[in-house]
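Beneath this line is the structure, given in structure tokens, with notes to follow.
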Amino acid sequence: MGWILFISLFGLILTGMPIALAIGFSSLIILSMNDLNLVLLPQRMFVGTDSFPMIAIPFFILAGDLLAKGNVSKRLVDFADACIGWIRGGLALVAVLGSMFFAAISGSSAATTAAIGTPLIPEMKKKGYDVPFAAALIAASGTIGVIIPPSVPMILYAIIADVSVAKLFLNGFLPGVLMGGILMIYSVYVAKKKNYPMGGRFSLKNILHHLKIAFFGLLTPIIILGGIFSGFFTPSESAVIAVDYAIFVALFIYRDINLKQLYSVIVNSGITMAMIMFLIATSKIFSWVLANWSIPSEIANAVLSITENPLLILLLINVVILVAGIFMETASALIILTPVFLPVVEHLGINLIHFGIVIVMGLAIGMITPPVAINLYVASSITGESLERLSRQIFPMLLLLISVLLLTSYVPLLFY
Amino acid sequence: MSSIQHFLQVISDRVDTLFRFALFITLSSMIVLITAQIIFRVFFTALSWSEELSRYLLVWSSFIGTTVAFKKGAHIAVTFLVDLLPAKIKKMMQTLSCILMAIFFGITIWYSIYLFNMQSFQVSPAMGLKMRYVYMIIPISFSVLCIHLLNQFLTIWFPAANKEA
């Protein structure tokens, strides 16, 4: 059954059918081959979306979209510029730091790329930066969007693997900062080589000035994460609080959104959310099929019969994740792969929180590996540069991020 | 042919406008509801039914949003391989995937109506809401998906007729 399921799944995906429907249809093939009652289809899809923790998904997306639309990202970029713009290659560092700030507001890496790239890339172009380099750097920094909390893929993983969202979020900080750090070091190296300019002079007054302007944006992560980590709000509640706050800030404090725009932002975030929710719905049929024929444990036995060495298996899993990331975007790959890997990971005694960080990071890196590289598409549509030119620039950054992935896999930098 | 196609296009567009509005309403209600839930929990006594209602609103907004995303062509798909194929084979592949999707939608509608009839007595634990009304969104949204799919299918085969309309 496992073979039929996976071959039909990948066959259907290759016809260009939406992945959510390919997942549903391949499960349908197995169910009808075995003469099972197909009422499972609507029933499992209903169960898949009927969940309180999942409410966090639409509202973290919406909060990020609202703040990006309301120019909060531009203010964060200005603040980052005041902090580190005076170093050589300052704007490149601002790109990374700005993405890290926005990552603490947004739970999506494509949204982070768009939010930071839109105000910053024209600025970098004006100051003489090589445009493909600037665009590639922002796409690469965008991956941090799902590592530094909040993070939509982490919520998905937490629901599939049945672990705590708050613990995953807490453990996302350090790897996210590492990713940012290594991209900054690389930027300084490139800036020295290409003699990129430095910005204005360092001034504490300037920092304080921009801190004041960006203050309400910077307060968002404190509200979101403070609520979750103190245990005062559930992640779903804190996502809704973030939306309330974002609406308040955009409508009344910064006043850069009107009611009509609010309508279109809510509908568009609803579409983004529905793409993920529909994947979850049909994958619930898929996971029923997986469980009913014990397919994940069969795969686990097959893997464990090759080797029992956890280091080797972890490497193997990393390779599978990265390869999947080349052809699929994060949410679909996460939904297909997590239930398949969990039995192996549990057998080896790897901590499920640790594994969650590894799989999310591996798939986030997949957002910059062409041909399916959503962050690169976003950066390329902002700049008008071709995907090929960006891909050449992204390669060294990709290797650096993979090195952080391996470090995170083998050196668990975690708080349990 | 082209008048039927035009008619279908209009229906598909109107339903989409309506569903966009419904998506806005369900999402906004969830924001208000959960905000109220937090306020009541912190300052008064916790509401017993708000969590259940917001879960059902999530189900509704997910399926409503699915149709809007489908209409917009926003659902995640791997198209780079199909795009490499010559136009004729590409058209065949698209037709095949349309037919398979139609089968999936049809079966889902059939069995969700079956589920609707089966659930005539079941009520939700907190609000006492009849579950069949919650399940109802599945046949509704999948019927809308069928309309959008048929419209999309005709556009693949008769792109010119569509432009005239």
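Throughout, protein chains are lettered first and strands after them, A, B, ... in sequence-line order, and every chain is numbered starting at 1.
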Measure across [X] and [Y] and return the closest heavy-atom pair with its distance rounded to 0.1 Å.
X        : Y        : result
A/Leu66  : A/Ile257 : O-CD1, 3.9 Å
B/Ile137 : B/Val59  : CG2-CG1, 4.3 Å
A/Ile368 : A/Ala139 : CG2-O, 3.5 Å
A/Ala331 : A/Leu279 : CB-CD1, 4.1 Å
B/Cys98  : B/Leu149 : O-CD2, 3.6 Å

Given the options [options], which has more heavy-atom pairs under 4.5 Å with chain A than any of the others?
options                             : answer
B/Leu85, B/Leu57, B/Leu100          : B/Leu100
B/Leu115, B/Val68, B/Val134         : B/Leu115
B/Ile64, B/Ile109, B/Val42, B/Leu58 : B/Leu58

Under the salt bridge (Lys or Arg N to Asp or Glu O under 4.0 Å) rule, what pairs show up with a residue in residues 262-275 of chain A, not counting sequence neighbours?
-> none
Across chain A and chain B, going purely by atom type as modelled, what donor-acceptor pairs are there at a distance under 3.5 Å?
residue	atom	partner	partner atom	Å
B/Thr35	OG1	A/Asp244	OD1	3.4
B/Thr35	OG1	A/Asp244	OD2	2.8
B/Gln37	NE2	A/Glu237	OE2	3.2
B/Arg41	NH1	A/Glu237	OE1	2.9
B/Arg41	NH1	A/Glu237	OE2	2.8
B/Arg41	NH2	A/Phe232	O	2.9
B/Arg55	NE	A/Asp50	OD1	2.7
B/Ile76	O	A/Ile19	N	2.8

Quick check on [X] against chain A: is it the side chain, the backbone, both or neither that has a heavy atom closer than 4.5 Å?
X        : value
B/Ile31  : both
B/Val32  : neither
B/Ile138 : side chain
B/Leu27  : both
B/Phe21  : both

Could you check whether the rings of B/Phe104 and A/Phe25 sit parallel, tilted or perpendicular, using 30° and 60° as the cut-offs?
-> tilted
side-chain contact (heavy atoms from CB on, under 4.5 Å) partners for A/Ala68, two or more places apart = A/Phe102, A/Ala115
Heavy atoms only, distances under 4.5 angstrom: which of A/Ile276, A/Leu38, A/Val39 has the most pairs with chain B? Name it, please.
-> A/Leu38
Can you name the ring-ring contact (aromatic ring centres under 6.0 Å, His included) partners of B/Phe43, sequence neighbours left out?
-> none
